[in-house]
Amino acid sequence: MSIAKNHHFNDKVVVITGAGGVLCAYFAKEIAKTGAKVALLDINLESAQQFADDIVKDGYIAKAYQTNVLDLASIQATRDAIAQDFGTCDILINGAGGNNPKATTDNEFHTLNLPTDTKSFFELDKSGIEFVFNLNYLGTLLPTQVFAKDMIGKQGANIINISSMNAYTPLTKIPAYSGAKAAISNFTQWLAVYFSKVGIRCNAIAPGFLVSNQNRALLFDEQGKPKERANKILTNTPMGRFGEANELLGGILFLMDENYASFVNGVVLPIDGGFSAYSGV
Ligand code: NAD
């Protein structure tokens, strides 16, 4: 039985950005089982629509909305449509985010005499760095500006952001993504304080390393044997394994649910098999 069945969000409106993506589509599917009305927002409507259709087919309440989290007019139009369809937002999950190859170095360390075709720190593309900062940071801030206005004074209102292991100690190669996720952890605390007098809690999860269809080829060879990067991750994860998307769900439901977390405000919850606690020694 799904652990979502232990939580009851009947008639609550849960807005999830990036819900056409791997993690947030899964969260949307499970959160719908709590009785919530789930709004799946994504720039890629086709993907969000497919997941919303699956949820409705299973007998729960969901609808997809094409939304660009970097465009205030688009977010505002979605806010109005959701208000018509379901009512105003009670819980916001800011899930849209990610990295971009243009903001990723080829090398982990700078060394003398690199091959001439190496994309080092010095070759990183300004537009790629802007893309990553904007998507992760502004893409969390702008939907919060639009939806939190409606959440003020509502019983059980709260916001959940998605940070990352990068926020504690940057991973090699991805300085923009690491910096943007550090900003998300910081912003989570800022929002928790700012909205503390009007009844909106704000927390985040920081997922450890998961295997998904997107990174499977980066981590494993064709025989399913871990590659060098996968081995590094496993060596630095005390529990010695990758996490699964369903292992993030308990943290999300706990933070969302005022019966469990009514005094939890401003935390970034690592769900990482001990990665962020381990010095490697
Ligand atoms: P994903 O790429 O599968 O999903 C991201 C979704 O965001 C996509 O559906 C994409 O269309 C959407 N999106 C992109 N730009 C958008 C925009 N401008 N407006 C609206 N939607 C937009 O990613 P995921 O793995 O499901 O990750 C979800 C969140 O979790 C992200 O914030 C990511 O940084 C974070 N995260 C993921 C992992 C992981 O291992 N997968 C680990 C740590 C943190």
Side-chain angles (χ1 to χ4, degrees), residues 15-30 39-52 64-79 92-101 103-104 128 130-144 146-147 159-171 174 176-185 187-188 204-216 218-219 229-230 233 237 241-249 251-252 268-273 275-276:
V15 175
I16 307 177
T17 73
V22 178
L23 291 181
C24 289
Y26 171 72
F27 299 153
K29 193 173 132 231
E30 292 299 312
L40 292 89
L41 280 52
D42 206 289
I43 200 162
N44 178 349
L45 179 63
E46 203 181 316
S47 176
Q49 188 67 61
Q50 175 205 321
F51 293 117
Y65 301 86
Q66 182 162 39
T67 313
N68 179 356
V69 293
L70 298 176
D71 177 355
L72 264 179
S74 162
I75 306 166
Q76 192 67 54
T78 295
R79 179 255 160 228
L92 171 65
I93 300 178
N94 283 309
N99 190 32
N100 185 284
T104 304
E130 277 171 347
F131 174 88
V132 172
F133 263 91
N134 286 347
L135 175 57
N136 290 280
Y137 187 70
L138 271 183
T140 294
L141 188 147
L142 297 178
T144 303
V146 171
F147 289 105
I159 299 164
I160 297 179
N161 297 330
I162 316 284
S163 184
S164 165
M165 283 302 109
N166 292 298
Y168 300 90
T169 309
L171 298 192
I174 48 176
Y177 186 64
S178 297
K181 288 299 189 185
I184 288 298
S185 292
F187 183 52
T188 299
I205 62 162
F209 293 88
L210 312 173
V211 182
S212 70
N213 289 337
Q214 287 173 3
N215 64 11
R216 199 177 304 276
L218 271 175
L219 297 174
R229 196 165 174 93
I233 292 168
T237 301
R241 65 173 176 84
F242 290 96
E244 303 282 342
N246 64 7
E247 293 180 296
L248 302 179
L249 180 65
I252 295 265
V268 179
L269 179 67
I271 306 179
D272 65 347
F275 181 90
S276 60

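Read the numbers this way: they start at 1 and go in the same order the structure lists the ligands and their atoms. Predicted, not measured: the structure shown is a model, and the values here were computed from it.
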Does the N or O separation between Leu23 and ligand 1 drop below 3.5 Å for any pair?
yes
With only distance considered, is Ile43 within less than 3.5 Å of ligand 1 through an N or O on each side?
yes
To the nearest 0.5 angstrom, please state how far the CZ atom of Phe27 sits from the CG atom of Leu248.
4.5 Å
Would you tell me which option among Asp42, Asn44, Leu45 has the nearest heavy-atom contact to atom 11 (O) of ligand 1?
Asp42
Should Val69 be counted as touching ligand 1, given the test is an N or O pair under 3.5 Å?
yes
Quick one: which of Asn166, Leu41, Leu135, Asp272 has a heavy atom closest to atom 14 (C) of ligand 1?
Leu135
What protein heavy atom lies closest to atom 35 (C) of ligand 1? Include the residue and the distance to one decimal.
Ile162 CG2, 3.5 Å
Name of the residue among Tyr177, Phe131, Phe187 meeting ring pair (Phe, Tyr, Trp, His ring centres under 6.0 Å) with Tyr137:
Phe187
Provide the number and element of each atom of ligand 1 under 4.0 Å from a heavy atom of Pro207.
42 (C), 43 (C), 44 (C)
Closest heavy-atom approach to atom 29 (C) of ligand 1 among Gly95, Ser74, Gly243, Ser212 is made by Gly95
The atoms of ligand 1 lying under 4.0 Å from a heavy atom of Gly18, numbered in the order shown, are 6 (C), 7 (O)
Lys181 contact mode with ligand 1 (heavy-atom cut-off under 4.0 Å):
side chain
Show me which atoms of ligand 1 lie under 4.0 Å from any heavy atom of Asn68.
17 (C), 18 (N), 19 (N)
Need the ligand 1 atom indices (1-based, order shown) with element for anything under 4.0 Å from a heavy-atom of Thr67.
19 (N), 20 (C)
Among Thr144, Thr140, Asn136, the one residue meeting side chain to side chain donor-acceptor pair (under 3.5 Å) with Asn94
Thr144
Given 3.5 Å as the limit, does a donor-acceptor pair link the side chain of Gln50 with the main chain of Ser47, or not?
no
Selection from Gly97, Ala25, Gly98 by shortest heavy-atom distance to atom 5 (C) of ligand 1:
Gly97
Check each heavy atom of Tyr177 against ligand 1 and say whether those closer than 4.0 Å belong to the side chain, the backbone, both or neither.
side chain
Taking distance alone, with no angle check, do Val22 and ligand 1 share an N/O pair under 3.5 Å?
yes
Under 3.5 Å: donor-acceptor pair, side chain of Ser185, backbone of Ser163:
no
Backbone N or O of Tyr168 within a donor-acceptor pair of the Lys181 side chain at under 3.5 Å?
no
Any N/O of Ser164 closer than 3.5 Å to an N/O of ligand 1?
no
Side chain to side chain, Val146 and Leu72, heavy atoms closer than 4.5 Å:
yes
Geometric N/O contact Gly21 with ligand 1, under 3.5 angstrom
yes
Give the atoms of ligand 1, by number and element, whose distance to some non-hydrogen atom of Gly20 is under 4.0 Å.
9 (O)
Pick out which of Asp42, Thr17, Thr78 makes a side chain to side chain donor-acceptor pair (under 3.5 Å) with Thr67.
Thr78
Which atom pair, heavy atoms only, marks the closest approach of Asn215 to Leu210?
ND2-O, 2.9 Å
Under 4.0 Å between heavy atoms, the region of Ser163 that gets near ligand 1 turns out to be backbone
Shortest protein heavy-atom distance from atom 2 (O) of ligand 1, along with the residue and atom involved:
Gln214 NE2, 3.6 Å
Ala64 and Ala52: which non-hydrogen atoms are nearest, and at how many Å?
N-CB, 3.8 Å
